[in-house]
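So the structure is just underneath, and the comments pick up after that.
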Amino acid sequence: MQVTETLSEGLKRGFTVTVPAAEIASKRDARLKEVAANLNLPGFRPGKVPVSLAKQRYGESVWAEVLEQTVSDALRTVFDERGIRPAGQPKVDLVSGQTDDGKDLEFTVEAEILPEIAVPDLSDLTLTRLKANVSDEAINKVLEDIAKRGRTFEVVEEVRPVAKGDVVAIDFVGKRDGVPFEGGSAEDVNVEIGGEGFIPGFAEQIEGMKPGEEKVITVTFPEDYGATELAGKEATFDIKAKQIKKPVDAPIDDELAKKMGFESLDQLKDLIRKQIEGEYDQLSRLRIKRELLDELAKKTDFTAPEGMVDAEFNQIWARVEEDRKTGQLDDEDKNKDEETLRADYRKIAERRVKLGLLLAEIGRKNNITVTPDELGRAVRAEAMRYPGQEKQVFEFFQKNPQAAESLRGPIFENKVVDYLIELAKVTDKEVTPEELSDIPPANI
């Protein structure tokens with residue numbers, strides 16, 4: 001095999017590779033013998049099919065198979081001998097030898113390579129781990145929400161105006177230009193004042209009515225209303241208020257806990273405390289990981305492969321475009337022009353690629369790997385996200401090993417992060433839950 005370097009510019013490398021025709025022909029003949037030995041054709045005993053007949057029937061497909069394997073092996077040799085680690089899929093162009101015509105195989109290859117990454121000195125790595133305690137107020141807030149969900153409504157006997165929080169039964173007739181419209185009338189419909197589920201402005205205009213009172217209200221249907229003939233249109237409703245009910249929250253006691261399957265209120269409180277602690281722990285890890293990555297970003301002094309940055313940017317930008325279409329763009333991005341927005345997210349893409357490469361190098365040099373058990377647990381966790389479809393999810397990963405491999409990256413990164421946090425000098429700092437939740441943007 002003859003190799004000539006044609007490009008060496010920054011992280012870009014290019015070569016012209018020539019493999020003698022005789023070498024490929026030898027591989028072709030060996031493969032055809034294997035094919036012939038395994039053929040079952042009428043008139044021939046097993047293993048006795050002539051190679052010439054196998055070539056006649058399968059010569060082209062065998063040649064394509066041998067060619068693909070030869071190129072793959074040649075690339076591996078070229079890169080291994082030169083200590084090159086491609087940053088992505090190399091670009092290969094065949095020059096000659098594509099067909100079984102006796103010519104040498106010649107192809108060109110261009111690839112972007114991974115930079116030399118020197119693991120920085122991490123002995124001075126200092127981090128702050130934020131911690132928040134679970135207050136009784138936080139537990140009581142959850143209990144109050146539970147009690148509210150379990151509330152009942154009792155009839156208000158006194159004649160009084162309906163107030164916010166009340167539920168009032170009403171009859172209504174909806175009209176457009178004084179004419180009732182289809183589906184716009186109903187009787188004994190419960191409307192919660194201050195609640196959701198009705199046209200904006202509907203429940204608000206009922207507040208203050210008394211049982212037996214009648215009133216005409218005017219509302220405008222939302223632009224995205226399901227019935228297109230009413231979307232964005234103004235309508236009136238003839239309203240008659242009837243019975244008022246007021247909400248009564250369930251008492252926060254042992255009986256409430258027992259309805260939820262617990263032995264006592266204390267047991268329910270313990271579970272709530274553990275759940276909140278788990279949420280705080282996740283936020284704490286997110287904060288210290290962000291700080292760690294910000295510190296590592298200061299220590300990355302290598303150039304990121306352009307192709308990897310392009311790929312990362314394209315993924316980010318696709319999400320930005322989707323958020324822009326749905327009106328969910330971050331407030332700080334809404335007033336930026338496209339050029340500024342692209343530049344900002346290009347920096348984010350470059351930061352992610354550089355940090356990913358640095359974490360990978362730290363993991364490689366410290367023999368950090370993902371075990372089969374860890375990968376298996378990740379697959380099981382993914383399956384649990386689809387209740388009732390766990391079997392199909394397992395089958396998907398079994399049939400698509402590359403999909404299971406996509407779970408390896410996050411596991412590996414978290415193991416490297418854990419290693420670095422263990423290595424760092426970590427100071428614990430107690431903060432409020434609000435301070436813990438206030439995650440600052442990454443330094444870019």
Side-chain angles (χ1 to χ4, degrees), residues 72 76 79 85-90 112-115 117 119 127 129 274-275 277-297 300 304-305 307-323 345 348-424 439 442:
S72 178
R76 189 180 303 108
F79 294 146
R85 291 189 294 163
Q89 187 67 31
E112 198 170 21
I113 66 173
L114 293 176
I117 302 173
V119 175
L127 303 171
R129 182 189 288 114
K274 289 176 182 176
Q275 288 177 335
E277 284 175 347
E279 294 170 5
Y280 288 177
D281 288 345
Q282 288 181 350
L283 286 171
S284 177
R285 177 176 172 77
L286 189 61
R287 292 294 299 269
I288 197 171
K289 181 179 178 179
R290 170 62 61 80
E291 186 183 5
L292 169 65
L293 294 179
D294 284 345
E295 290 301 311
L296 290 178
T300 55
M308 294 181 72
V309 177
D310 287 343
E312 184 67 28
F313 171 77
N314 289 337
Q315 287 188 0
I316 295 173
W317 192 250
R319 290 195 293 270
V320 172
E321 289 284 355
E322 186 62 29
D323 288 345
Y345 282 105
I348 292 174
E350 185 175 4
R351 168 190 161 98
R352 288 184 182 178
V353 169
K354 292 173 101 174
L355 285 172
L357 291 174
L358 179 57
L359 290 173
E361 189 66 11
I362 292 172
R364 187 177 70 86
K365 290 191 173 179
N366 290 279
N367 299 315
I368 297 174
T369 59
V370 177
T371 67
D373 282 347
E374 289 169 333
L375 195 58
R377 285 197 295 271
V379 170
R380 288 193 291 274
E382 188 70 13
M384 294 299 289
R385 293 177 55 206
Y386 302 91
Q389 302 179 52
E390 292 88 348
K391 183 179 179 182
Q392 293 92 319
V393 174
F394 280 119
E395 289 176 350
F396 171 76
F397 282 115
Q398 287 172 350
K399 294 176 181 178
N400 300 274
Q402 71 279 6
E405 285 300 308
S406 69
L407 302 176
R408 185 183 298 274
I411 301 172
F412 175 80
E413 179 179 296
N414 281 327
K415 292 186 74 171
V416 176
V417 166
D418 288 339
Y419 167 80
L420 291 172
I421 292 175
E422 187 70 26
L423 193 68
I439 300 175

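Rounding to the nearest 0.5 Å places CZ of Phe313 at 11.5 Å from CZ of Arg352. Atoms CD1 and OG1, from Ile411 and Thr369 in turn, are 11.0 Å apart once rounded to the nearest 0.5 Å. Atoms CG and OH, from Asn367 and Tyr419 in turn, are 10.0 Å apart once rounded to the nearest 0.5 Å. The CG atom of Leu420 sits 12.0 Å away from atom CD of Glu295, with the distance rounded to the nearest 0.5 Å. Within the model, atoms CZ of Arg380 and CG of Leu375 stand 10.0 Å from one another, a figure rounded to the nearest 0.5 Å. To the nearest 0.5 Å, atoms CD1 (Ile288) and CG (Leu293) are separated by 11.0 Å.
Each of Leu296, Asp294, Val309, Thr300 was evaluated against Arg351; a single residue qualifies, Asp294, per the side chain to side chain contact (heavy atoms under 4.5 Å, CB included) test. For the side chain to side chain contact (heavy atoms under 4.5 Å, CB included) with Tyr386, the qualifying choice from Glu390, Met384, Glu382 is Glu382, the only one to do so.
At a threshold of 4.0 Å, the pair Glu312-Lys354 does not count as salt-bridged, since none of the basic side-chain nitrogens sits closer than that to a carboxylate oxygen. Ion pairing between Glu322 and Arg319 fails under the 4.0 Å rule for side-chain N and carboxylate O. Ion pair Lys274/Asp281 not flagged as a salt bridge, since none of the NZ, NE, NH1 or NH2 atoms sits closer than 4.0 Å to an Asp/Glu carboxylate oxygen.
Residues Ser406 and Pro410 share a closest heavy-atom pair of O-CD, 3.5 Å. Phe79 approaches Pro90 most closely through the heavy-atom pair CE1-CG, 3.9 Å. Considering all non-hydrogen atoms of both residues, Ala297 and Leu355 come closest at N-CD2, 3.7 Å. The shortest heavy-atom contact between Leu114 and Pro86 is CG-O, 4.0 Å. The two atoms that bring Arg408 and Val370 nearest to each other are NH1-O, 3.3 Å, heavy atoms only. Phe412 and Gly363 make their closest contact through CZ-CA, 3.7 Å (heavy atoms, listed as atom of the first residue, atom of the second, distance).
Proximity of a side-chain donor or acceptor of Glu291 to a complementary backbone N or O of Lys289 within less than 3.5 Å is not detected.
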Self-check item: Evaluation steps, side-chain contact (heavy atoms from CB on, under 4.5 Å), between Asp418 and Arg285
Solution: CA-CA 10 Å; Asp418 288 339; Arg285 177 176 172 77; 2.6 Å; yes
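Contacts classified as salt bridge (Lys or Arg N to Asp or Glu O under 4.0 Å) and involving residues 364-376 (residues at least two apart or in different chains) are given here: Glu361-Arg364, Glu361-Lys365, Glu374-Lys415.
The number of heavy atoms from other shown groups lying within 6.0 Å of CD (Gln402) is above 12.
Counting heavy atoms from C-beta on, the side chains of Arg377 and Leu407 never come closer than 4.5 Å.
Among residues two or more places apart in sequence or in another chain, the side-chain contact (heavy atoms from CB on, under 4.5 Å) test is passed with Leu283 by Leu436, Ser437, Ile439.
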